[in-house]
Structures are given as C-alpha cells and as structure tokens.
Amino acid sequence: MPSQAKFVPIMRIYADTHQHKGMRKQLIDVLKGKGITDEDVLEAINSIPRHFFLDSAFDRIAYEDRAFPIGEGQTISQPYTVAFQTQLLQVKRFEKVLEIGTGSMYQTTVLAELGAKVFTIERQKKLYDQHKNYYFKSKYLNVKFFYGDGFKGLPTYGPFDKVLITAAAPFIPPLLIEQLRPGGMMVLPVDEGNEQRMLRITKLQDGTTTEERFHNFNFVPMLTGKS
Ligand code: SAH
C-alpha cells in the first residue's frame, strides 16, 4: 500500500520590515491629507502592521488606502474609513467599546491599541474562528471575541460607552441604543437607499438621542442572524 503523504500546514511568517514601516508612514500622510487629525488614532494606525491581517498575497499593497477581501465575501475596511470612524468615536482608555463586525480584527486592534475594553461580535463562523489565531492575543488582553448577531448586541456585558458598527446597517439598531450608557456614542454607516451615510448618535442623560450626519462611505451590508 502506498504510504499517505502527511499534511504539513504552511506556517505564515509575520515580519514587520522597514519597508512595511515606511509604507505605513506614507499611509499616515495620506490619512492626514484626507482630513484625519486625531494624533492618537494616527499613532495607533502607524503602530499596527495591517499586513498581518491580510493574506500574505497582499503583503506589498496592504498599505494602499483600499479595502481588500478577507474571505466569506467580506472585506477589511479601507484605512481612511477605520481612521474616520475611530476618530468620530473619541475612544478613551478603559472605555467599554462594542464593535459589530470583527472581520479581519484590524479595526478591533486599533480600538485595543487605544486602550479600550473591546467586545467584538462577528456573525460569520469562519471569520469568528480566526480569533483563535489572533497574532496579538497576548499583547491585547483587553479584547473579547463573540460569535453572534450584532443586531442583538451583548446585553449581559453592557452598558457600553461606545458602539461601533463596521457594516452598513439598514436602520439604527434599537437594542444597541438600549445598550449604550447615557452620554455614550454610537458610530455607524446607515444604508439610505443609494448611499451609505456615516452617522454619530449620542445618547443623552434622559435616554433620548441626537444624530450627526457625515459623508458617504462603502461598506458590506449588516445582515441578520448568524452564518
Ligand atoms: N471591522 C472589520 C470590517 C469587516 S467587514 C475589519 O476591519 O476587517 C464587516 C463585517 O461585519 C463582516 O465580517 C461581516 O460578516 C460582519 N457582519 C455583518 N453583519 C453582522 C451582524 N449582524 N453581526 C455581526 N457581524 C456582522
């Protein structure tokens, strides 16, 4: 009988070279040019190797200001989008932040680098499962990963200081407003027919909300249920 070839997984080598760091510096200039001013956000993006969150095939283009596929029909958000949403969220150290749409874990890592206690939910099992190989799991102990439907949030872990949705919501999810503490803020793109409008919702002390509207973005849709 022929002997069976053993399956040997190929190890991914993670290296953050001078070239990567140089490309990251250039990306920071691009983000500044597009109007990102929050130094903490820029510093976080400058310190996180985005190419670690992508297939190694994207190694040389990972610092272009573009979204890239991450499998399951999903994308890692464009760096400008990550920077814009994070800047709007005004994250402070030790704040509890609920993120909907873990995806590649890149945005999650930006929030963690800013010192937030991050609770992140992903509805696609295959993407969720990748957190087991999270490169930074021993660096960022302030991140908790959940498999579930982001429309429901995480009632047992709330209330949250901030909520960030990284997929285009068909409406402002009421359960997520409920899980926001008074004074808290939610940043989300909402599908308004032809366009996806970035909104920042602030919950006031009396439980009512105010809404600020920003420009349009491109996101994959926020979907109900798990997959
Ligand atoms: N923050 C991610 C963006 C990924 S794209 C990153 O930086 O890579 C948006 C993600 O939201 C996808 O992974 C998609 O599966 C997920 N998603 C869509 N609807 C969701 C829902 N209802 N609950 C949780 N995750 C959802």
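Counting starts at 1 for both ligands and their atoms, following the listed order.
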Q) Picking from Y63, Y14, F58, what satisfies ring pair (Phe, Tyr, Trp, His ring centres under 6.0 Å) with H51? A)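 Single pass found, and it is Y63.
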Counting only heavy atoms, which portion of [X] has something under 4.0 Å from ligand 1: side chain, backbone, both, or neither?
X: E99; answer: side chain
X: M222; answer: both
X: Q107; answer: both

In terms of atom number and element, which parts of ligand 1 are under 4.0 angstrom from non-hydrogen atoms of [X]?
X: T75; result: 3 (C), 4 (C), 5 (S), 8 (O)
X: S104; result: 6 (C), 7 (O), 8 (O)
X: P221; result: 18 (C)
X: I121; result: 24 (C), 25 (N)
X: I100; result: 23 (N), 24 (C)
X: V220; result: 5 (S), 9 (C)
X: I76; result: 8 (O)
X: L127; result: 13 (O)

Q) Name the one of D65, D16, D29 that satisfies salt bridge (Lys or Arg N to Asp or Glu O under 4.0 Å) with R24? A) D16
Q: Apply the test side-chain hydrogen bond (donor to acceptor under 3.5 Å, both in side chains) to residues N216 and E195: give CA-CA distance (whole Å), side-chain angles for both, the deciding distance (0.1 Å), then the verdict.
A: CA-CA 6 Å; N216 297 332; E195 52 192 37; 3.2 Å; yes
Protein residue, atom and distance nearest to [atom], heavy-atom basis:
atom: atom 14 (C) of ligand 1; value: Q74 OE1, 3.4 Å
atom: atom 15 (O) of ligand 1; value: E122 OE2, 2.6 Å
atom: atom 19 (N) of ligand 1; value: L223 N, 3.0 Å
atom: atom 23 (N) of ligand 1; value: G150 N, 2.7 Å
atom: atom 25 (N) of ligand 1; value: R123 N, 3.4 Å

Q. Atom CD of Q130 and atom CD of Q124: how far apart are they, to the nearest 0.5 Å?
A.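 Reported value, rounded in 0.5 Å steps: 10.5 Å.
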Q: Supply the atom-to-atom distance I36 CD1 to Y80 OH, rounded to the nearest 0.5 angstrom.
A: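 Going from CD1 on I36 over to OH on Y80, the span is 5.0 Å.
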Q: Would you kindly say whether T166 and Q107 are connected by a side-chain donor-acceptor distance under 3.5 Å?
A: no
Q.
I'd like to know if the side chain of T120 pairs up with that of E99 as donor and acceptor (distance under 3.5 Å, no hydrogens or angles considered).
A.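 There is such a pair (donor and acceptor under 3.5 Å, judged by atom type) between the side chains of T120 and E99.
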(Q) Under 4.0 Å between a side-chain nitrogen and a carboxylate oxygen: does that hold for E211 and R213? (A)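 Yes.
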(Q) Between ligand 1 and T102, can you find any atom pair, the residue atom being a heavy atom, that is separated by under 4.0 Å? (A)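 Yes, T102 has heavy atoms under 4.0 Å from ligand 1.
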Q: Pick, from G103, G101, G73, the option with the minimum heavy-atom distance to atom 1 (N) of ligand 1.
A: G101
Q. Strictly under 6.0 Å, is that where the ring centroids of F145 and Y134 end up?
A.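 Centroid separation for F145 and Y134: below 6.0 Å.
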Q: Compute the centroid of each ring, for F52 and then for Y106, and state whether the two points are separated by less than 6.0 Å.
A: no
Q. At their closest point, which heavy atom of F68 faces which heavy atom of I61, and how far apart are they?
A.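 Shortest heavy-atom separation between F68 and I61 comes out as CZ-O, 3.2 Å.
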